[in-house]
J.: 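Handing you a structure now.
From a predicted model like this one, the values you see are computed outputs, not experimental measurements. Residue numbering restarts at 1 for every chain, and letters A, B, ... go by the order of the sequence lines. Just the heavy atoms: all of them, side chains too, but no hydrogens, waters or symmetry mates, feed the values below.
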Amino acid sequence: MSTDNTPQGIKNARPLSPHLQIYARQITSVLSILHRLMGIALSLGTVFLVYWLSAAAYGPEAFGRAQEFMGSWFGQLVLLGMTFALFYHLANGVRHLFWDAGIGFELPMLRATGIIVVVSSLGLTALTWIVAYLRAGIL
Amino acid sequence: MDMRTPLAQARGLGPAKSGGTSHWWAQRLTSLALVPLMLWFVVAVISLIGADHGAFVAWVSEPGTLLLLVLTIISLFYHLDQGMQVVVEDYIHGEAAKLTVLIAVKGFSYIGGIASLLAVLRVAFGS
Ligand code: HEM
């Protein structure tokens with residue numbers, strides 16, 4: 001048995017992994033990389049969680065400053081980003097868990113659940129901020 | 001000359017080095033736990049908008065809150081640690097660089113997790 005190294009043999013070889021410069025983006029691949037990006041963003045964002053909780057442990061003054069900072073325009077921008085990142089990663093994470101159970105691999109299903117992930121994460125982000133602004137008396 | 005069979009030489013290498021299957025399971029279980037926990041946490045944070053220190057302490061001291069906070073912190077930082085490990089293993093090549101970044105990731109998640117736990121415990125039980 002000899003290995004076929006002719007151009008024809010190379011052509012018949014198994015496909016290589018996608019070549020990023022010529023790879024046509026599809027909803028499935030974009031959503032997939034977004035899951036990872038949002039996971040990394042959320043991980044970095046835990047710095048704000050640690051700051052907030054530590055400030056509470058530190059005392060009333062530190063906690064007051066932390067609350068003020070999180071309520072500032074910059075704090076709100078961070079929180080808005082984290083809200084979307086969380087809901088996106090959560091919704092797509094649930095999609096992942098179904099895949100792990102072997103459910104939902106057909107292409108039409110992949111598209112449909114992908115759209116559900118995008119719509120529900122945008123919707124939940126909007127809902128969260130409407131409720132938050134109502135609660136804060138801004139709306 | 002290695003006298004071990006090819007199978008014996010391969011065993012324990014690759015993902016199995018760091019417990020591939022149990023790593024996978026732990027990642028799924030914390031993902032599952034995080035769904036209700038993070039939804040609870042978002043609602044809690046909204047209810048704490050504009051809260052002063054006293055209100056925050058009162059909230060942490062409510063029965064159930066501390067337990068849920070501890071569960072959330074543990075699942076969150078465990079999941080993040082395992083997740084970031086996979087990311088590092090995927091993108092950082094070369095043993096030395098990989099090890100360095102992995103140690104930084106571990107440090108980040110362990111310090112963050114432990115600092116968060118200590119903070120909520122201190123708020124709940126005073127100092
Ligand atoms: C709220 C519920 C959450 C669910 C259901 C969830 C689910 C998942 C799942 C299933 C994976 C594995 C993806 C894969 O196999 O490729 C994953 C990866 C990851 N998660 Fe989460 N997650 C959640 C929350 C979080 C949070 C709050 C953070 C960070 C603070 C986080 C950070 C990460 C990271 C860094 C990864 C690795 C990314 C990757 O390998 O592509 N996750 N998550």
J.: Once you measure the plane-to-plane angle for A:Trp99 and A:His96, does it fall in the parallel (<30°), tilted (30-60°) or perpendicular (>60°) bin?
T.: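 Taking A:His96 first and then A:Trp99, their aromatic rings stand perpendicular (interplane angle over 60°).
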J.: Any idea how A:Tyr88 and A:His35 line up, ring-wise: parallel (<30°), tilted (30 to 60°), or perpendicular (>60°)?
T.: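 A:Tyr88 and A:His35: tilted rings.
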J.: Once the angle between the rings of A:Phe69 and A:Phe48 is folded into 0 to 90°, is it parallel (under 30°), tilted (30 to 60°) or perpendicular (over 60°)?
T.: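 Rings of A:Phe69 and A:Phe48: parallel, under 30°.
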J.: Report which part of B:Ile73 has an atom under 4.5 Å of a heavy atom belonging to chain A: side chain, backbone, both, or neither.
T.: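 B:Ile73 touches chain A through side-chain heavy atoms alone.
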J.: I'd like to verify something: which residue of A:Ala56, A:Ser54, A:Ala132 has the highest number of heavy-atom pairs under 4.5 Å with chain B?
T.: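 The option with the most such pairs is A:Ala56.
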J.: Determine whether the side chains of A:Arg65 and A:Tyr58 contain a donor N or O and an acceptor N or O closer than 3.5 Å.
T.: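 Looking only at side-chain atoms, A:Tyr58 and A:Arg65 do not form any donor-acceptor pair under 3.5 Å.
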J.: Is the count of non-hydrogen atoms from other residues, nucleotides or ligands lying under 6.0 Å from A:Tyr51 atom OH greater than 12?
T.: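 Yes, because the 6.0 Å sphere around OH of A:Tyr51 holds more than 12 heavy atoms from other groups.
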J.: Can you tell me which of B:Val57, B:Asp52, B:Val35, B:Val87 forms the most heavy-atom pairs within a distance under 4.5 Å of chain A?
T.: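 Answer, by heavy-atom pair count under 4.5 Å with chain A: B:Val87.
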J.: Looking at A:Val47, A:Leu124, A:Val50, which one has more heavy-atom pairs under 4.5 Å with chain B than the rest?
T.: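 The option with the most such pairs is A:Val50.
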J.: So for A:Leu90, is it side chain, backbone, both, or neither that comes closer than 4.5 Å to the heavy atoms of chain B?
T.: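 Just the side chain, heavy atoms under 4.5 Å.
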J.: If we count only N and O atoms by modelled type, under 3.5 Å, do the side chains of A:Trp129 and A:Thr83 hold a donor and an acceptor together?
T.: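 Result is yes, a qualifying pair exists.
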J.: Heavy-atom pairs under 4.5 Å with chain A - which of B:Gly50, B:Ala124, B:Gly113, B:Ser47 has more of them than the others?
T.: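 Of the options given, most contacts go to B:Ser47.
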J.: For A:Phe87, is it the side chain, the backbone, both or neither that has a heavy atom under 4.5 Å from a heavy atom of chain B?
T.: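 Side chain only.
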J.: Given heavy-atom pairs under 4.5 angstrom as the criterion, report whether the side chain, backbone, both or neither of B:Leu76 touches chain A.
T.: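 When you check distances to chain A, only side chain atoms of B:Leu76 fall under 4.5 Å.
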J.: Any chance you could measure A:Ile138, atom CD1, to A:Ile130, atom CD1, to the nearest 0.5 Å?
T.: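 The distance works out to 13.0 Å.
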J.: Under 4.5 Å heavy-atom distance to chain B, tell me which part of A:Leu79 shows up: side chain, backbone, both or neither.
T.: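 Answer is neither: A:Leu79 stays 4.5 Å or more from chain B.
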J.: Go through A:Ala66, A:Ala62, A:Gly59, A:Ala91 and name the one with the most non-hydrogen pairs under 4.5 angstrom from chain B.
T.: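 Maximum pair count with chain B is reached by A:Gly59.
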